[in-house]
Amino acid sequence: MMFSHTFAGLVIGSIFIQTTLAGYVLSEDFTKDAFFGNFTPFTEDDPTNGFVKYLDYTDAIKQGLMASVSNFAGANYMGVDNTSQPTTGRPSMRITSTKTYNKGLFIADIAHMPVGCGTWPAFWLIGPNWPAGGEVDILEGVNLQSSNQMTVHTNAGCEISNTGMTGTVNTTNCDVNAPNQAKNAGCAVLSKSTNNFGAGFNSIGGGVYATEWTSDAISIWFFPRSGIPSDITSLAPNPSGWGMPLAKFAGSCNIDQHFQNMNMVFDTTFCGQWAGADHVWAASNCSSMTSTCNAHVQLMPSAFTEAYWLVNGVRVYQQGQAGTRKRGVSADW
Ligand SMILES: *[C@@H]1O[C@H](CO)[C@@H](O)[C@H](O)[C@H]1NC(C)=O
Ligand SMILES: *[C@@H]1O[C@H](CO)[C@@H](O)[C@H](O)[C@H]1NC(C)=O
Ligand SMILES: *[C@@H]1O[C@H](CO)[C@@H](O)[C@H](O)[C@H]1NC(C)=O
């Protein structure tokens, strides 16, 4: 009697382990009309000095900057003002997830992203007490940039190696005060592809950015609309089958120490510290229109008709516990 009970316990134990190894379990499903309600509008001055005025949800809806579901085939629209000539910053949106995260797999399906001279759109993660809690810029760039730049910002003691990714490491030290890098350059990975950012991204209906954050690495993949892996659409994502990521932040860096309690953020700002920096604006082919970025953003509302996000949704997965995994549910963005 005693002996057989023990045996039964061992069998149950091994089933538990197999199920745990089976991987990621859907934790949050911020899709369709469950998107905006799980984010909070940020309405303060832009910390990056952009020529922008961030609206709350009430004003954003009133001014036509925010809409969801029915008008856009299920996607969540976040636009910018395209009619006025504001003197104190163009109306736009920045939203922060109400939940904070420690590790996980973040799957964002985006159908359209802001593009154009003066724009600086980003989808990113940020922790508290910047840069102590870390920052991961998943999808980011400025002006007429044609490929995505992925960047991590930390305090001292985090450097990455140039291996295991298809992108090119441009700067290796994630410390915002790294001595041999521009202030706040962070560790940046440049992609060579022209379908993962801006006009090229929009021309293929966008796709899926997947970001895996473990204790070993923070890795970012992009899948164009026509090449989204079936394990993502079936809500059972397994990054081990996705091939090399676009960017992999790993190396001489204690990930658990440098990245904590991060929120997801979507925003569209204008000009400011990156898009509006004199040398960046001058090199962007935008400067033929106006000598400064701010002048362009203030005076040319009609240049911002493509400066909108269409986000189908974001799903967050965590490593599974036995019995909690959902099966047989198909993704319906
Ligand atoms: C790459 O890094 C260098 C500094 O090392 C910087 O001048 C340059 O702007 C970076 N390139 C891009 C595309 O960010
Ligand atoms: C600016 O335009 C020139 C000529 O069309 C092109 O070769 C160059 O790549 C453009 N630069 C940027 C940053 O788009
Ligand atoms: C201008 O912005 C409004 C509100 O965001 C949007 O509904 C409209 O479609 C935009 N106009 C164009 C031409 O894109």
Side-chain angles (χ1 to χ4, degrees), residues 46-51 113-126 130-131 134-202 209 211 217-222 244-253 258 265 267-288 291-294 296-297 307:
D46 179 12
T48 60
N49 293 331
F51 187 77
M113 66 174 292
V115 59
C117 288
T119 61
W120 174 2
F123 167 54
W124 47 302
L125 306 173
I126 184 169
W130 189 91
E135 175 182 334
V136 179
D137 301 320
I138 297 165
L139 171 57
E140 187 180 28
V142 297
N143 299 319
L144 301 177
Q145 192 174 311
S146 56
S147 304
N148 189 23
Q149 172 167 335
M150 294 145 284
T151 311
V152 159
H153 304 269
T154 64
N155 56 18
C158 178
E159 296 189 47
I160 59 165
S161 42
N162 196 352
T163 54
M165 66 189 102
T166 60
T168 307
V169 175
N170 194 47
T171 42
T172 56
N173 197 336
C174 309
D175 176 8
V176 298
N177 295 311
N180 301 315
Q181 295 177 185
K183 175 91 176 150
N184 197 21
C187 47
V189 176
L190 307 176
S191 147
K192 300 172 200 87
S193 164
T194 55
N195 70 1
N196 61 21
F197 190 87
F201 177 94
N202 293 338
Y209 266 95
T211 304
I218 294 171
S219 306
I220 299 171
W221 289 261
F222 174 67
M244 228 183 239
L246 211 49
K248 182 174 180 180
F249 298 92
S252 177
C253 181
H258 286 284
V265 178
D267 74 77
T268 308
T269 187
F270 306 101
C271 306
Q273 288 166 6
W274 187 5
D278 289 343
H279 67 286
V280 175
W281 180 251
S284 68
N285 288 350
C286 295
S287 52
S288 55
S291 63
T292 68
C293 184
N294 279 13
H296 175 74
V297 173

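Residue numbers start at 1 and run along the sequence shown. First listed ligand is number 1; within each ligand, the first listed atom is number 1. When reading the values below, keep in mind they use all heavy atoms of this one structure, side chains included, and skip hydrogens, waters and symmetry mates.
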Nearest-contact summary for atom 5 (O) of ligand 1 - protein heavy atom, Å: Thr171 CG2, 4.1 Å
Option set Thr168, Val142, Val280, Asn170, criterion heavy-atom distance to atom 11 (N) of ligand 1, minimum: Asn170
Gln181, portion touching ligand 1 at heavy-atom distance under 4.0 Å: neither
Sub-4.0 Å protein heavy atom near atom 9 (O) of ligand 1: no
Any side-chain heavy-atom pair of Phe270 and Thr119 under 4.5 Å: yes
Numbered atoms of ligand 1 (with element) below 4.0 Å of Leu190, judged on heavy atoms: 13 (C)
For Phe51, all residues meeting ring pair (Phe, Tyr, Trp, His ring centres under 6.0 Å), sequence neighbours excluded: none
Plane angle bin for Trp274 and Trp120 - parallel if under 30°, tilted between 30 and 60°, otherwise perpendicular: perpendicular
Nearest non-hydrogen protein atom, atom 14 (O) of ligand 1: Gln149 OE1, 3.6 Å
Validation row: Asn155, Pro131 side chains within 4.5 angstrom (heavy atoms): yes
Main-chain N/O of Thr166 paired to Lys192 side chain as donor or acceptor, under 3.5 Å: yes
